[in-house]
Amino acid sequence: MPLIRMQNLLLKTLVRYCLNERVSKHVIALVPLLLQNDSYVKGYDYAKFSTSTGEFDNLAEGLSKQIQLVVNKVSVGSSEEEILSSLLNDQICEGISVSHALVDMLLHRFRDDWKSAYAVFRWADSRSCFEHLPGAYDLMVDILGKARQFDKMSELKGEMLERKLVTLRTMSKIMRRFAGARRWNDAVRTFDELPTYGLEKNAESMNLLLDTLCKESQVQMARGIFLDLKSHIPPTVHIFNIFIHGWCKIKRVEEAYWTLQEMKGHGFTPCVISYTVIIQSYCRLSNWNKAYELLEMMESEGCQPSVVTYTTMMSLLSKADKVEDALQIANQAKSAGCEFDIQFYNALIHTLGKAQRITEAFDIFKVEMPMNGVHPNTCTYNTLIGMFCRHGQEEMAFNVLEDMEKAALCKPDLQTFYPLLKSCFRLRMPDNCLSRLLDDMTVKHQLSLDDSTYSLLIHGLCRVDRCDWAFQLFEEMICKELVPRHQTFRRLLDEVRQKNMYDAAERVELHFDKFKASFRQSFPGQNHH
DNA sequence: TTAGGGTTAG
């Protein structure tokens, strides 16, 4: 592999890792390298990160300016042709030098707006000195598939064939999008035409098709296809785990269990994944005896449960309020000499919190995790903050938030703030506390409030007699095209009427009428959004 | 989403 490609691959992997763990400072360090090489990376994600100094700022700033220029030209509601021609006939856009990073960021930005995405894709393609990377094609195919634009998607697939760019990755996205639209025959046809695209119908591609069908709850159809194919394509151990997962997904755990036997019949030994998936299913069905039985069975058959097995059982037991049993599993994991990872610790902290063992939970975070070299992630902090707030220890919760910001190992998200906001209202904290929190969320951390946060805020503000502020947030919500819930409308309307805020009442009513039709379509008691 | 796990569920 050429050195440059290898570097890019490595960088890409590192960035993915950092993004998953939300380790912003590491991503920032990697971005200049990536942009230098103009490699394919999830641009949209690194655009969300910012830093005060350094090279990253200049590079990111240049890119974000370019993005803004293009975004300004793209008007909502136009057809893809109209958008394309407005981009092509614009002097400012003409002055933009198109890079792969720019295309990638724009495609991610428009991933739910196929018309804009498609126009941008074509606009970039019109440049004589620019050629899309295979990754951009795949992304475009996926965006079209997600929007159910299957004709356009197939057209693009044809173009990719001419340029010899169709990979199994491309075909896999196409199969998944067809299956997502319940167009099973098209998904299967995509598999059948693999040879036309220079690709092989082998175990790997068959597994992709069958996995796609199973994940869409079509395990029976997948089995039928498998039976037809298995004389031509020798099955691998993966396929049985795919079926096990498929049966468990539709809650037919007995068939999953039976697949273990089938697997053995084909000369494969069930692996830790096979057992873990079934154990998870038994737990979800509250069949605890069976879950424990299987845990014992796997051990007796020489298959050591992994940290995933234990985490699964612990968190599901904990969710079912069987906290003592959950903690027992944690002990069992420890005795087994299992190496704990961040997800295990998060589940353990949560379980200890549920068992009212706050100090021990905090000790895990403060002492045990650092001792074992396991770094906290967003979920760890969120769990701790939620736990302290539920137990009325708000000061500790705020300390954790401070700790999180200082350590800068990961970024807070909406969930980080939700319990803190709730506490603000419960304790009737002064206005400036709420303002500060909101400011931290929206300005410092660049979070965009979602409908459930808005609901919490509007209801909370009505309760503390600040319906003027609640109304302001309501207007903000409407601006963002979020639909307030039925109860939120009712509460706010009652409140502004009581306060004789006639103009506000009129505005709320106006929007209420507009959404009433959609509320009526949902079932009573359901969340209205 | 190229076989498996996590926050609260507002």
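Convention: sequence-line order gives letters A, B, ...; per-chain numbering from 1.
Atom NZ of A:Lys422 is separated from atom P of B:dT8 by 10 Å (rounded to the nearest Å). Regarding A:His375, its NE2 atom lies at a distance of 23 Å from the P atom of B:dG6, rounded to whole Å. As rounded to whole Å, 14 Å separates atom C1' of B:dT8 from atom CG of A:Asn346. To the nearest angstrom, P of B:dG5 lies 20 Å from CD of A:Gln332. The CD1-P distance, from A:Ile239 to B:dA3, rounds to 11 Å in whole Å. Computed from coordinates, the A:Ile385 CD1 to B:dG10 P distance equals 20 Å when rounded to whole Å. Summarising the geometry, the separation between CD1 on A:Ile242 and P on B:dT2 is reported as 11 Å, rounded to the nearest angstrom. Rounded to a whole Å, the CG atom of A:Leu421 is 14 Å from the C1' atom of B:dT8.
Across all strands shown, A:Ser452 has heavy atoms under 4.0 Å from base atoms, whether or not it also approaches the sugar-phosphate. Counting any heavy atom pair closer than 4.0 Å across all strands shown, A:Asn207 reaches no nucleic acid atom. Among the atoms of the strands shown, base atoms are found under 4.0 Å from some heavy atom of A:Thr276. Residue A:Glu204 is classed as having no contact, given no heavy-atom separation below 4.0 Å to the nucleic acid. As judged by a 4.0 angstrom heavy-atom cut-off over every strand, A:Ser306 is placed among the base-contacting residues. Within the 4.0 angstrom heavy-atom criterion, base atoms lie near A:Phe344. The residue A:Tyr418 sits close to a base: some heavy atom pair falls under 4.0 Å. A:His245 comes within 4.0 angstrom of sugar-phosphate atoms only, judged by non-hydrogen atoms across all strands, and of no base. Residue contacts shown for A:Leu456 are absent, as no nucleic acid heavy atom lies under 4.0 Å away.
For the atom pair NZ (A:Lys201) and CE (A:Met206), the distance works out to 11.0 Å, reported to the nearest 0.5 Å. Atom CG in A:Leu260 sits 6.0 Å away from atom OG in A:Ser274 (nearest 0.5 Å).
In the interface, the side chain of A:Thr311 is paired with the base of B:dG5 through a donor and an acceptor atom under 3.5 Å apart. Below the 3.5 angstrom threshold, one finds no donor paired with an acceptor across the side chain of A:Asn241 and the base of B:dG4. A donor-acceptor contact under 3.5 Å links the side chain of A:Arg169 to the base of B:dT2. Checked by distance alone, A:Gln415 brings a side-chain donor or acceptor within 3.5 Å of a matching partner on the base of B:dG10.
Taking only side-chain atoms of A:Asp341, from C-beta outward, the nucleotide of B:dG6, B:dT2, B:dG5 with the closest atom is B:dG5. Here the side chain of A:Thr312 is nearest to one of B:dG10, B:dG4, B:dG5, namely B:dG5. The nucleotide whose nearest atom lies closest to any side-chain atom of A:Glu216 is, among B:dT8, B:dT1, B:dG6, B:dT1. Minimum atom distance to the side chain of A:Lys173 is reached by B:dT1, of the listed B:dG5, B:dA3, B:dT1. For A:Arg176, counting side-chain heavy atoms from C-beta on, the closest listed nucleotide (B:dT2, B:dA3, B:dG5) is B:dT2. Listed nucleotides: B:dA3, B:dG10, B:dT7. Nearest to the side chain of A:Ile273: B:dA3. The listed nucleotides are B:dT7, B:dG6, B:dA3; the one nearest the side chain of A:His238 is B:dA3.
Counting non-hydrogen atoms of neighbouring residues, nucleotides and ligands closer than 6.0 angstrom, the NZ atom of A:Lys334 reaches no more than 12 such neighbours.
Between A:Phe362 and A:Phe388, a ring centre-to-centre spacing shorter than 6.0 Å is recorded.
For the P atoms, the distance from B:dT1 to B:dG5 is 15 Å, rounded to whole Å.
Ring planes of A:Phe240 and A:Phe268: tilted class, angle from 30 to 60°.
Proximity of A:Arg390 to the phosphate of B:dT8: a side-chain N or O atom is located under 4.0 Å from OP1 or OP2.
Between the side chains of A:His238 and A:Glu204, no donor-acceptor pair of N or O atoms lies under 3.5 Å.
Screening A:Trp469, A:Phe489, A:Phe512 for a ring pair (Phe, Tyr, Trp, His ring centres under 6.0 Å) with A:Phe474, the sole residue that qualifies is A:Phe489.
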